[in-house]
There are 2 protein chains.
Amino acid sequence: MQHPLAHVGDPVANVATPALVIDLDAMERNLGAMAAFARAAGVRLRPHAKMHKSAAIAKAQIAAGAVGVCAQKVSEAEVLAGAGIPDIYISNEVIDEAKLARVAALAGRIRLAIAVDSILGVDRLAEACSGASSALDVFVEIDVGQKRCGVVPETAGVLARHVVSRGLRFAGLQAYQGGAQHVRGAADRAAAARRAATLVRAAQASIASENIDCPLVTGGGTGTFAFDVASGVYGELQVGSYLFMDGEYGGIEAAEGAPRFEHALFVKSQVMSRSESHVVVDAGIKAYAIDAGLPQVLGRELEMINFGDEHGILKASGSSSAVELPQLGETVWLVPGHCDPTVNLHDTYVAVRGGLESGVVEALWPVDTRGCMT
Amino acid sequence: MQHPLAHVGDPVANVATPALVIDLDAMERNLGAMAAFARAAGVRLRPHAKMHKSAAIAKAQIAAGAVGVCAQKVSEAEVLAGAGIPDIYISNEVIDEAKLARVAALAGRIRLAIAVDSILGVDRLAEACSGASSALDVFVEIDVGQKRCGVVPETAGVLARHVVSRGLRFAGLQAYQGGAQHVRGAADRAAAARRAATLVRAAQASIASENIDCPLVTGGGTGTFAFDVASGVYGELQVGSYLFMDGEYGGIEAAEGAPRFEHALFVKSQVMSRSESHVVVDAGIKAYAIDAGLPQVLGRELEMINFGDEHGILKASGSSSAVELPQLGETVWLVPGHCDPTVNLHDTYVAVRGGLESGVVEALWPVDTRGCMT
């Protein structure tokens, strides 16, 4: 057993470092702003639980109006279902037969959906479900510009026809343009979202040509959701990062009229070594992901210049060589570059009420699906 | 509870993906080669458990002659101690008073050592240990070129004097040159190791000038260990990655006459989506670290060209556009770029005997100190 990071009621100063800390007030504002946006826009909200990996947070999202959550892995869906989440969409392909048997079993316990992008995937899913009593929703994924998974939009009807012919329930289109989410300029991002919407329409036409109804288009992300809604093609949003934000999303230009979100997720670190030129904090790449850049330092003229597995090296930032470096033992708050893989490094959220300066630990939440890979 | 990745006795083909797989035969050859080298060289071997995070592996290393292991965090040492490892060196600074109380408590349970690089750190350690019955070994860390932690070598004597004056047991010098480990050319790496050794000698002189005995210099890594031993200053090696190797260490030129090590750690992945131009495997940056580059593909003319949190995108590599892409459902073995942070993503090692092609699962080992950050 690991030593606990903190206890409920502790002042934030007492939280051991490094720790993954949620500013609950900020998170709840983000949660409410997206829920209100979706409600006003008349679209379904199905936040992506691949980001937060927490049943407690999924329940809060559902309480605020979300229809359920997305997951990216069968194991995530299994764990979230076990923790009481009743409606989960695995927005990803599963091709392995042993995993598809787990999918079929899970469909007997909760309302479940999954994505497909191949004839083989549909065939194996149908075989896995052939003896099962409960149906699940099947979305055909189309490539709307990310060049990752998904069929060519103009061929979506062929695969939808195969879904139906195998006795599965065709539920609509999975259309996520991951590559558009972090385009910095709002106009450029809007253009990428428009291109994606055009491809969605091509897929809808392909499905209509098969005389198949396409009940729903699901997709969108924290970068494009306002544009996705404006396009009129999306009926459900899969936004994830809006809840916590991160350095990468903090760096994009917000869309006009869309809600803004605040940083709500931080890594608390402590200065453990200090020289004349730099300080070293006790949080390295086992405490934050760096695929979208090194963490930013909150509220101080410091920048991280290098990292180790367990170390972060900080110097006075650019123009401020006169800045005094923090002292040994001082707290340094880091804003992760990318929230999803940062969360996945931690076993526990320390949820703080009342701000990072003088707040109190209100809850410790397990990162329930941390390490759920299969 | 997560679905198990595999069961003991399963053929490797049945291991769910993505999974962290050890080729036990290769690992044991690496383990034996380093143990034999240290024995022949007459230096102590204290492998770094920050890399493998496994009590089972630590025990195998100790059974092969290691004096104990290193850890980088108090929580790692606590968990390894709880799993029966009797001799642990926290080769890192701890400045937090609550953590130092844990260090003092742990020193009553096992043979323990720790590093310091500040007067404040020594004072707080002494205060934490003041009521404790058991002593621990204290190493003064010097900066031998990494520009991270550690005092200026010429001032090591001052800090050693302070250790002694506070009633603590000065055990020697911590001298790790992390920056030298991955220098590609053997001659350049040897030169960096020589510079580090020169700095160690300066620190030894500083300590001698205080009339303090310096019993041991501990340090070294998988890149420099042969040069470190040749320098004559190191009495203990903290090598970690030799056991598994990774893409980064696989890319350096081996030192003449030193043992060679094989890749023994892999991420098993599966093709889950396929287009004319690329395939997508079900392992992304939640299954491997990318700080030292994207994973390499084992034994196939494929290269990873992009990644997502749960996806890896592969194309035919450079000169081989005629290569047929793997089929949906096929296994693809990935060699991580950096073993330490890759291991830290996984909860379980799947240890396979008899090779990756047709081997059998011999053991499932927990990654005991995964997520141990404090």
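Keep in mind that what you see is a predicted model, and the values were worked out from it rather than measured.
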### Message
In this structure, is the centre-to-centre distance between the rings of A:Y249 and A:F244 below 6.0 Å?
### Response
no
### Query
Do side-chain atoms of B:K315 reach the backbone of B:S277 as a donor and acceptor pair under 3.5 angstrom?
no
### Query
For the candidates A:K50, A:H338, A:R148, A:H346, which exhibits the highest count of non-hydrogen atom pairs separated by less than 4.5 Å from chain B?
A:R148
### Query
Hey, what do you get for CD (A:Q72) to NE2 (B:H311), rounding to the nearest 0.5 Å?
5.0 Å
### Message
Looking at chain A, which one of B:M272, B:K286, B:R124 has the largest number of heavy-atom pairs inside 4.5 Å, strictly under?
### Response
B:K286
### Query
At a heavy-atom separation under 4.5 Å, does A:V74 approach chain B through its side chain, its backbone, both, or neither?
neither
### Query
Measuring heavy-atom distances to chain A, does B:V116 have an atom under 4.5 Å in its side chain, in its backbone, in both, or in neither?
neither
### Summary
The interface call for A:R370 against chain B, heavy-atom contacts under 4.5 Å, is both
### Task
Examine whether an atom of A:L345 lies under 4.5 Å from a heavy atom of chain B, and if so say whether it belongs to the side chain, the backbone or both; otherwise answer neither.
both
### Task
Considering only NZ, NE, NH1 and NH2 on the basic side and carboxylate oxygens on the acidic side, decide whether B:D282 and A:K99 come within less than 4.0 Å.
yes
### Task
Kindly state whether the ring of A:F307 and the ring of A:Y288 have centres lying under 6.0 angstrom apart.
no
### Task
Measure the acute angle between the ring planes of A:Y89 and A:F139, then classify it against the limits of 30° and 60° as parallel, tilted or perpendicular.
tilted
### Task
Measure A:L328 against the heavy atoms of chain B and call it side chain, backbone, both or neither at under 4.5 Å.
both
### Query
With the threshold set at 4.0 Å, does a side-chain nitrogen-carboxylate oxygen contact exist between B:K53 and B:E76?
yes
### Summary
Assert top hit (heavy-atom pairs under 4.5 Å, partner chain B, pool A:A287, A:P18, A:A283) equals A:P18
### Query
B:T348: what forms a side chain to side chain donor-acceptor pair (under 3.5 Å) with it, not counting sequence neighbours?
none
### Message
Tell me which of these, B:I290, B:V152, B:D117, B:V151, has more heavy-atom pairs under 4.5 Å with chain A than the rest.
### Response
B:D117
### Query
Distance from B:T331 atom OG1 to A:D96 atom CG, nearest 0.5 Å?
8.5 Å
### Task
May I ask you to name which of A:D309, A:I285, A:D368, A:D347 has the most heavy-atom pairs under 4.5 Å with chain B?
A:D309
#### Entry: A:Q238 and A:Q174 side chains, donor-acceptor separation under 3.5 Å
yes
## Note on the structure
Applying a strict 4.5 Å limit to non-hydrogen atoms, the region of B:T17 in contact with chain A is both
### Message
So which residue, A:D143, A:N92, A:L120, ends up with the most heavy-atom pairs under 4.5 Å with chain B?
### Response
A:N92
### Summary
So, the part of A:T374 with a heavy atom under 4.5 Å from chain B: the answer is both
### Task
For each of B:G150, B:S118, B:C372, tally heavy-atom pairs with chain A at distances under 4.5 Å, and name the one with the top tally.
B:C372
## Note on the structure
Answer key: most heavy-atom pairs under 4.5 Å with chain B among A:D291, A:V79, A:N306 is A:D291
### Message
Please rank A:E310, A:Q146, A:R274, A:E93 by heavy-atom pairs under 4.5 Å with chain B and give me the top one.
### Response
A:E310
### Summary
Of the listed B:E97, B:Q270, B:E141, the one with the largest count of heavy-atom pairs under 4.5 Å with chain A is B:Q270
### Task
To the nearest 0.5 angstrom, please state how far the SG atom of B:C339 sits from the CG atom of B:N344.
11.5 Å
